[in-house]
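Heads up: the structure comes next, in structure tokens.
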There are 2 protein chains.
Amino acid sequence: MSEQREAGEINPGGLGYLKGIAIDAVIFGFHDSQLKVLLIEYKRTGLFALPGGFIRELENINDAALRVVSERTGLDNIFLDQFYIFGDYSRYQPDEFKKIMSAGGMAPPDGHWLLQRFVSVGYYALVDFTRAKPTPAIIFDSCEWYDLTNMPPLIQDHTQIVRKALDTLRAHLDDKLIGFNLLPEEFTMGDLQQLYETVLDKKLLRPAFQRKMLSLGILERLSKKFSGGAHKAPYLYRFIK
Amino acid sequence: MSEQREAGEINPGGLGYLKGIAIDAVIFGFHDSQLKVLLIEYKRTGLFALPGGFIRELENINDAALRVVSERTGLDNIFLDQFYIFGDYSRYQPDEFKKIMSAGGMAPPDGHWLLQRFVSVGYYALVDFTRAKPTPAIIFDSCEWYDLTNMPPLIQDHTQIVRKALDTLRAHLDDKLIGFNLLPEEFTMGDLQQLYETVLDKKLLRPAFQRKMLSLGILERLSKKFSGGAHKAPYLYRFIK
DNA sequence: TTATTATTGTAACACAATGATACAATAGTT
DNA sequence: AACTATTGTATCATTGTGTTACAATAATAA
């Protein structure tokens with residue numbers, strides 16, 4: 001990241017990047033029975049946004065998205081899925097970006113490539129909260145986790161992008177079996193159920209949930225046990241694949 | 001379409017269109033127990049491709065896709081869904097497009113905007129085969145239906161785009177109840193089952209299929225009957241919504 | 001050591017959904 | 001009026017899920 005140009009960095013010339021296309025990443029984490037989203041704050045603006053970036057001229061879009069998520073979380077081998085492209089003309093709000101660039105110490109001319117209309121490719125990522133290391137870029141004041149239920153207002157249509165990402169996550173949670181990407185390597189059945197209940201925002205019946213999960217044949221019981229409170233200790237599980 | 005510039009038309013200056021982004025539409029039809037795809041053939045090239053187009057500077061991407069499908073089929077109120085954006089660098093094959101433009105009577109300079117790298121937003125449409133009127137643009141030799149199982153080779157990655165569209169259609173057929181968009185207004189339970197069997201490429205049990213469909217409460221029995229062969233006549237149904 | 005307590009793992013039953021077979025009800029044809 | 005192919009649906013078996021119940025712990029307290 002030292003020599004190489006960062007995705008979040010504003011490149012005055014736009015050299016080396018595709019114009020008119022950006023990537024926005026909804027990076028989900030799970031902690032304390034809460035779904036979290038990683039948000040960045042542009043320097044000296046108080047404006048919050050999804051981590052994003054641009055696509056290099058020789059780069060696949062999916063690789064650019066991996067790069068963006070990797071730069072913000074420090075993680076590789078991430079679950080990442082492209083879920084929608086946001087291409088309404090009404091997204092085009094150059095004033096907001098002008099403010100961001102000005103606060104960043106640039107006086108962008110009106111025809112600047114970053115002030116033209118942009119289309120955003122939306123990706124959502126599922127990461128292990130305990131392993132992610134939120135990392136701001138130079139032009140950010142911060143890069144931190146926020147409760148999904150307690151996000152600050154976001155620039156542009158980023159709030160709707162988060163909303164659509166959540167809808168997609170919910171729809172895919174069961175049939176694509178992607179939930180475990182949000183958990184650490186080892187976890188209890190209770191952890192897994194809490195994750196499902198949080199994502200789907202509804203209570204599930206414990207016996208049915210356990211039966212279903214075990215019947216899928218994707219869980220390895222580690223025969224180890226927890227040491228916790230005054231009660232029977234749960235088994236730890238690991239996803240096999 | 002006379003005054004207004006067509007989406008399929010090659011615009012030498014690229015004025016009025018977003019650069020670097022195109023739309024490709026996989027337009028599905030259903031006829032004779034076969035899934036059909038609408039393909040165009042570029043003039044004097046023998047090159048087949050998906051109907052596509054570009055996005056006007058003031059146009060929403062979804063509207064551009066509607067326009068493309070409408071121009072090729074003559075239909076409005078179409079079921080249309082954006083399913084993926086194809087953004088690999090390896091898609092960039094300027095020679096193929098150079099050939100198309102040359103055959104169209106243009107000698108494109110090397111820096112021409114249509115010879116730059118493009119990203120394609122993939123849409124799939126479900127239309128009533130009996131109502132669609134395939135309509136070529138000026139630069140096409142033809143615009144016709146092809147059996148999904150018997151398509152000519154397509155330019156670029158268009159065959160993969162069709163493949164991914166079909167995967168998406170299969171995944172959504174049941175849970176989004178979109179199949180009826182491929183049928184005419186009135187149809188028999190047998191028609192509907194044949195459609196499902198063709199799309200999913202597997203046999204279904206007649207009693208179970210009928211029970212399931214009727215239990216959904218989305219079918220209106222028209223109490224009319226067919227006059228066909230030497231057997232009991234089936235009811236006609238219509239989707240209600 | 002032995003109760004106590006909270007929680008886990010799973011058995012057991014009810015109910016719903018689906019797979020599969022059977023058969024009566026036709027719309028023609030012979 | 002008998003025959004034939006197909007439709008509509010009843011029926012039963014099987015599977016999956018919702019729900020209740022309870023034995024098996026892992027600490028803590030007596």
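Hydrogens, waters and symmetry mates are skipped; everything else that's a heavy atom, side chains included, is used. Proteins get letters first, then strands, A, B, ... in listed order; numbering begins at 1 in each.
- Remark: C1' of dG9(C) and CG of Leu219(A) are 14 Å apart, rounded to the nearest angstrom.
- Figure legend: Arg221(A) and Tyr235(A) shown as a cation-pi pair, the cationic atom lying under 6.0 angstrom from the six-membered ring centre and within 45 degrees of its axis.
- In this entry the distance linking CG of Leu205(B) with P of dT15(D) reads 15 Å, nearest Å.
- Proximity of Gln210(A) to the phosphate of dT10(C): a side-chain N or O atom is located under 4.0 Å from OP1 or OP2.
- Atom pair Phe209(A):CZ and dT19(D):P shows a separation of 16 Å (rounding to whole Å applied).
- The CD-C1' distance, from Gln193(B) to dG19(C), rounds to 14 Å in whole Å.
- A sub-4.0 Å separation between OP1 or OP2 of dT10(C) and a side-chain N or O of Arg221(A) is present.
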Going 5' to 3' through nucleotides 22-29 of chain D and flagging B where a protein heavy-atom sits under 4.0 Å of the base, S where only the sugar-phosphate is that close, and - otherwise, we get --BBBB--
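- Asn150(A) and Asp147(A) form no side-chain donor-acceptor contact under 3.5 Å, judged by distance and modelled atom types alone.
- Checked against a 6.0 Å centroid threshold, the rings of Phe239(B) and Phe187(B) count as neighbours.
- A side-chain donor-acceptor contact under 3.5 Å links Thr130(B) and Asp128(B).
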Could you go through Phe118(B) and Phe54(B), starting from their C-alpha distance and side-chain angles, then the distance that decides it, and tell me whether this counts as ring-ring contact (aromatic ring centres under 6.0 Å, His included)? CA-CA 11 Å; Phe118(B) 262 82; Phe54(B) 306 108; 5.6 Å; yes
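- Residue Lys202(B) contributes atom NZ, which lies 12 Å from atom C1' of dT18(C) at whole-angstrom precision.
- With hydrogens and angles ignored, the 3.5 Å screen pairs no side-chain donor or acceptor of Thr73(B) with any backbone N or O of Glu71(B).
- Atom CG of Leu236(A) and atom C1' of dT8(C) are 13 Å apart (whole Å).
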Letter by letter from the 5' end, nucleotides 12-17 of chain C scores (B base, S sugar-phosphate only, - none; protein heavy atoms under 4.0 Å) ------
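- Of the listed nucleotides (dT8(C), dT9(D), dG18(D)), dT8(C) has the atom at the smallest distance from the side chain of Pro234(A).
- Between Phe28(B) and Phe30(B), the distance separating the two ring centers is not shorter than 6.0 angstrom.
- The CG atom of Leu214(B) sits 14 Å away from the P atom of dT7(D) (whole-angstrom rounding).
- Between Phe209(B) and Tyr196(B), the ring center distance clears the sub-6.0 Å criterion.
- Annotation: Tyr42(A) is in aromatic contact with Phe140(A) [ring centroid separation under 6.0 Å].
- A residue-by-residue look at Gly190(B) and Ser215(A) shows that Gly190(B) has its nearest nucleotide of DNA chain D further toward the 5' end.
- As rounded to whole Å, 13 Å separates atom P of dT17(D) from atom OH of Tyr196(A).
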